[in-house]
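Here's the structure we're looking at; comments come further down.
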Amino acid sequence: MESVMGMQMAQFQTNYTYALMKMSMNDAESQAAAMIEMMSDVPAPAQYNFDVWA
């Protein structure tokens, strides 16, 4: 009986760990997407040392 409880606790711990890892990966993904969108709004720097946007 103890081994069954131990296996269930190990399975629960594994599932919990995977859930936390998935949540953190989703957070990182949304932060990266937001940064990419923010960077796409900024014009690329001039290829040479003068400002062509002025």
Side-chain angles (χ1 to χ4, degrees):
M1 186 70 174
E2 292 249 346
S3 63
V4 173
M5 288 293 288
M7 288 175 58
Q8 286 178 347
M9 285 302 294
Q11 183 67 37
F12 175 78
Q13 190 173 13
T14 302
N15 290 342
Y16 183 74
T17 302
Y18 281 144
L20 288 179
M21 183 171 53
K22 185 176 179 181
M23 286 174 52
S24 68
M25 289 174 72
N26 286 342
D27 287 344
E29 180 185 9
S30 65
Q31 288 176 0
M35 180 177 279
I36 289 170
E37 186 169 337
M38 183 175 30
M39 293 302 286
S40 67
D41 293 342
V42 177
Q47 184 177 1
Y48 303 104
N49 286 334
F50 56 89
D51 188 8
V52 296
W53 298 99

Fill in the blank from the handout: Cluster membership besides Met39, Ile/Leu/Val/Met/Phe/Trp/Tyr side chains within less than 4.5 angstrom, sorted by chain and number, is Met35

Problem - Pairs flagged by side chain to side chain donor-acceptor pair (under 3.5 Å) wherever residues 19-33 is involved - sequence neighbours left out - result: none

Problem - Qualifying side chain to side chain donor-acceptor pair (under 3.5 Å) pairs, either residue in residues 12-21, two or more places apart - result: Gln11-Asn15

